[in-house]
Chemist: 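Okay, handing you the structure first.
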Amino acid sequence: MIEAAGLALMHRFDPERAHGLALSALNAGLGPRGGPVTSARLATTLAGMDLPNPIGLAAGFDKNATALHALSRCAFGWLEVGAATPHPQPGNPRPRLFRLTEDGAAINRFGFNNDGAAIIADRLAKRPEGAVVGLNLGANKDSDDRADDFVKVLAHCDRHIDFATVNVSSPNTERLRDLQGKAALAGILDRVCAHRDDRGLDTAIFLKIAPDLDAAALEDIAEVALSSGVNGIIATNTTLARDGLHSVHASQTGGLSGAPLFDASTRILARLSVLTNGKLPLVGVGGIANADQAYAKIRAGASAVQLYTALVYHGISLPARIAKGLDDLLARDGFANVADAVGTDRDRWL
């Protein structure tokens, strides 16, 4: 009841201001305090990282790594912060975040607003002990070499993180998605992985892709990912599609996230599962708001999942509810561990 009242109050504010207030409330100790939910069924491994459960926080919620300690107590099995760019940047003009309440969705056109890699690295250096923490790598809007930007951010932060995500799929930085092309993507991943290897680190490298890819582009991405040194693929980022929306904000430009993305992102996930044939772990993102949907992503091919937009509508207690519900679903279906369920129902999405 308290959480519901808090959400109702937050929704009276501009969405971006409400988000800032939510982070402040977490840092003031008003969020959960129990830490990750775990069990023998939920504990799993993702790209060499031991997770207490597969429910992660997606990038974008804590862009500047200001609430890591509070978020580590909110039942998540792993956290991703950012995106960070080499230099601080303000992002696009406000308003740039819109709630689509009727659709259980949001549209944002933030444009990688963040404090810059150096400041974020200092915060990551003070990360909570024992938490699995990663960083989403971004490129500055005015950069002449966006591939080099990813390496620069990683160079600042790599000793303080367990994984890094190469983000070439945000729709809010002009021409960024062009880097998903086969040749450009191979060049970026080669440079990022070479930096990691030269530093002698075991940081996992993920690639985050868009949901708006055709079959040929998805095949190219799978081929490049398999031949590179990346450790997994995150599917997917926000979409430019606007099918079936009811909100007055449906025509806003930017990336759409939340409930309308669930089917499209899960289909991409299942196709990737076939194309990679179990050789790379996949992370399912897009439209997850309950345990059944998290379970569907896992059975479509995801080794782990991430949440973001659903927290706007269901609160910060959501990851605990999903983790506990997922544990019950795995027990119901006779799976000794979540890893045993990965990909067991992907054909329904093909």
Chemist: State yes or no: do Leu21 and Leu23 share one hydrophobic cluster built from I, L, V, M, F, W and Y residues joined by side-chain heavy-atom distances below 4.5 Å, directly or via other members?
Modeler: no

Chemist: Taking all non-hydrogen atoms of both residues, which atom of Val81 and which atom of Asp62 are closest, and how far apart?
Modeler: CB-O, 3.2 Å

Chemist: Checking side chain to side chain contact (heavy atoms under 4.5 Å, CB included) between Leu51 and each of Leu42, Thr38, Thr44, Thr45, which is the one that passes?
Modeler: Thr44

Chemist: Are side-chain heavy atoms of Ile205 and Leu154 found at a separation under 4.5 Å?
Modeler: yes

Chemist: Are Ile233 and Leu218 linked, directly or through intermediate hydrophobic residues, by side-chain heavy-atom contacts shorter than 4.5 Å (ILVMFWY only)?
Modeler: yes

Chemist: Under a 3.5 Å distance rule, please check whether Glu3 uses its side chain to pair with a backbone N or O of Ile316 as donor and acceptor.
Modeler: yes

Chemist: Other than Leu261, what residues sit in its cluster of Ile, Leu, Val, Met, Phe, Trp and Tyr side chains whose heavy atoms are under 4.5 Å apart, directly or through others?
Modeler: none

Chemist: Quick check: do Leu185 and Leu189 have side-chain heavy atoms less than 4.5 Å from each other?
Modeler: yes

Chemist: Give me the atom names and distance for the closest heavy-atom approach of Leu26 to Ala70.
Modeler: O-CB, 3.4 Å

Chemist: Check the hydrophobic clustering (I, L, V, M, F, W, Y; side-chain heavy atoms under 4.5 Å; chains of links allowed) and say if Leu282 and Leu326 are grouped together.
Modeler: yes

Chemist: CZ of Arg146 to NZ of Lys152: how many Å apart, nearest 0.5 Å?
Modeler: 13.0 Å

Chemist: Under 3.5 Å, is there a donor-acceptor pair between the side chain of Arg109 and the main chain of Thr253?
Modeler: yes

Chemist: With sequence neighbours left out, which residue pairs that include part of residues 72-91 fulfil the ring pair (Phe, Tyr, Trp, His ring centres under 6.0 Å) condition?
Modeler: Trp78-Phe163

Chemist: Taking the side chain as C-beta and beyond, is there a heavy-atom pair between Phe206 and Val166 under 4.5 Å?
Modeler: no

Chemist: For a quick test of reading the model, state the closest non-hydrogen atom pair linking Arg96 to Glu16 and the distance between them.
Modeler: NH2-OE2, 2.8 Å

Chemist: Ala84 and Leu135: which non-hydrogen atoms are nearest, and at how many Å?
Modeler: CB-CD1, 4.0 Å

Chemist: Taking side-chain hydrogen bond (donor to acceptor under 3.5 Å, both in side chains) as the definition, give me every residue that meets it alongside Asn136, ordered by chain and number, with sequence neighbours left out.
Modeler: Glu80, Asn167

Chemist: I'd like to know if the side chain of Asn231 and the backbone of Leu280 have a donor-acceptor N/O pair within less than 3.5 Å.
Modeler: no

Chemist: Salt bridge (charged side-chain N to carboxylate O under 4.0 Å, His left out): which pairs involve residues 185-211, sequence neighbours left out?
Modeler: Asp145-Arg191, Asp148-Arg191, Asp158-Arg199

Chemist: If you link I, L, V, M, F, W and Y whenever their side-chain heavy atoms are under 4.5 Å apart, who else ends up in the same group as Val312?
Modeler: Tyr313

Chemist: Give the minimum heavy-atom separation between His314 and Ala289, together with the two atoms involved.
Modeler: NE2-CB, 3.9 Å

Chemist: Hey, quick one: are Ile268 and Ile298 part of the same hydrophobic cluster, counting side-chain heavy atoms closer than 4.5 Å, chains of contacts allowed?
Modeler: yes

Chemist: Are the side chains of Asn140 and Phe112 in contact, using a 4.5 Å heavy-atom criterion?
Modeler: no

Chemist: Asp292 versus Leu329: any side-chain heavy-atom pair under 4.5 Å?
Modeler: yes

Chemist: Can you list the residues that meet the salt bridge (charged side-chain N to carboxylate O under 4.0 Å, His left out) rule with Asp115, with sequence neighbours excluded?
Modeler: Arg123

Chemist: Applying side-chain contact (heavy atoms from CB on, under 4.5 Å) to Val37 and Lys324, what does each step give before you reach the verdict?
Modeler: CA-CA 7 Å; Val37 171; Lys324 292 172 183 175; 4.0 Å; yes

Chemist: Would you check if Leu100 and Leu245 make a side-chain contact, meaning some heavy-atom pair closer than 4.5 Å?
Modeler: yes

Chemist: Can you tell me if Asn53 uses its side chain to pair, donor with acceptor, with the backbone of Ala75 under 3.5 Å?
Modeler: yes

Chemist: So, the side chain of Ser143 versus the backbone of Ala139: is there a donor-acceptor pair under 3.5 Å, distance only?
Modeler: no

Chemist: Cation-pi check, Lys297 to Phe262: give yes when NZ or CZ is under 6.0 Å from the six-membered ring centre and within 45° of the ring axis, no otherwise.
Modeler: yes

Chemist: Mind checking what makes side-chain hydrogen bond (donor to acceptor under 3.5 Å, both in side chains) contact with Arg271, not counting sequence neighbours?
Modeler: none

Chemist: Is Arg127 salt-bridged to Asp162, going by a charged N under 4.0 Å from an acidic O?
Modeler: yes

Chemist: Would you mind listing every ring pair (Phe, Tyr, Trp, His ring centres under 6.0 Å) that reaches into residues 34-62, with sequence neighbours excluded?
Modeler: His19-Phe61, Phe61-Tyr308

Chemist: Does NE2 belonging to His246 count more than 12 external heavy atoms closer than 6.0 Å?
Modeler: no

Chemist: Kindly check if the number of other-residue, nucleotide or ligand heavy atoms within 6.0 Å of CG (Asp214) is above 12?
Modeler: yes

Chemist: For Asn114 and Thr85, which I'm curious about, is there any donor-acceptor pair between the side chains at under 3.5 Å?
Modeler: yes

Chemist: Would you find more than 12 non-hydrogen atoms of other residues, nucleotides or ligands less than 6.0 Å from Ile2 atom CD1?
Modeler: no

Chemist: Under the rule for ring pair (Phe, Tyr, Trp, His ring centres under 6.0 Å), what residues qualify as partners of His249, not counting sequence neighbours?
Modeler: Phe98

Chemist: If only atom types and distance count, is the side chain of Asp212 paired as donor or acceptor with the main-chain N or O of Leu240 below 3.5 Å?
Modeler: yes

Chemist: Hey, does Asn113 have a side-chain heavy atom less than 4.5 Å from the side chain of Gln89?
Modeler: no

Chemist: Return all side-chain donor-acceptor pairs below 3.5 angstrom for residues 332-343, not counting sequence neighbours, or 'none' if the list is empty.
Modeler:
unit_1 : atom_1 : unit_2 : atom_2 : d
Asp333 : OD2    : Tyr295 : OH     : 2.5
Asn337 : OD1    : Ala339 : N      : 2.9
Asn337 : ND2    : Ala40  : O      : 3.0
Asn337 : ND2    : Arg41  : O      : 3.3
Asn337 : ND2    : Ala43  : O      : 2.7
Asp340 : OD2    : Asn337 : N      : 3.3

Chemist: Are any of the side-chain heavy atoms of Leu307 and Leu57 separated by less than 4.5 Å?
Modeler: no

Chemist: Kindly indicate, with the supporting measurements, whether the criterion side-chain contact (heavy atoms from CB on, under 4.5 Å) is fulfilled by Asn290 and Arg321.
Modeler: CA-CA 8 Å; Asn290 55 54; Arg321 297 199 304 271; over 6 Å; no

Chemist: Hey, mind stepping through Leu269 and Thr236 against side-chain contact (heavy atoms from CB on, under 4.5 Å) and telling me if it holds?
Modeler: CA-CA 8 Å; Leu269 174 68; Thr236 64; over 6 Å; no

Chemist: Glu219 pairs by side chain to side chain contact (heavy atoms under 4.5 Å, CB included) with which of Val224, Leu275, Leu213, Leu272?
Modeler: Leu275

Chemist: Does the pair Ser247 and Asp103 meet the rule for a side-chain hydrogen bond (donor to acceptor under 3.5 Å, both in side chains), with working shown?
Modeler: CA-CA 7 Å; Ser247 170; Asp103 303 298; 4.6 Å; no

Chemist: What's the verdict on side-chain contact (heavy atoms from CB on, under 4.5 Å) for Leu207 and Val168, showing C-alpha distance, side-chain angles and the deciding distance?
Modeler: CA-CA 8 Å; Leu207 169 66; Val168 293; 3.8 Å; yes

Chemist: Identify the two heavy atoms, one from Pro281 and one from Ala47, that lie closest to each other, and give their separation to 0.1 Å.
Modeler: CG-N, 4.1 Å

Chemist: Output every pair passing ring pair (Phe, Tyr, Trp, His ring centres under 6.0 Å) with a member in residues 124-144, not counting sequence neighbours, ordered by first then second residue.
Modeler: none

Chemist: Taking side-chain hydrogen bond (donor to acceptor under 3.5 Å, both in side chains) as the test, write out the residues that go with Asp14, two or more places apart.
Modeler: none

Chemist: Shared ILVMFWY cluster between Val283 and Val274, side chains joined below 4.5 angstrom?
Modeler: no

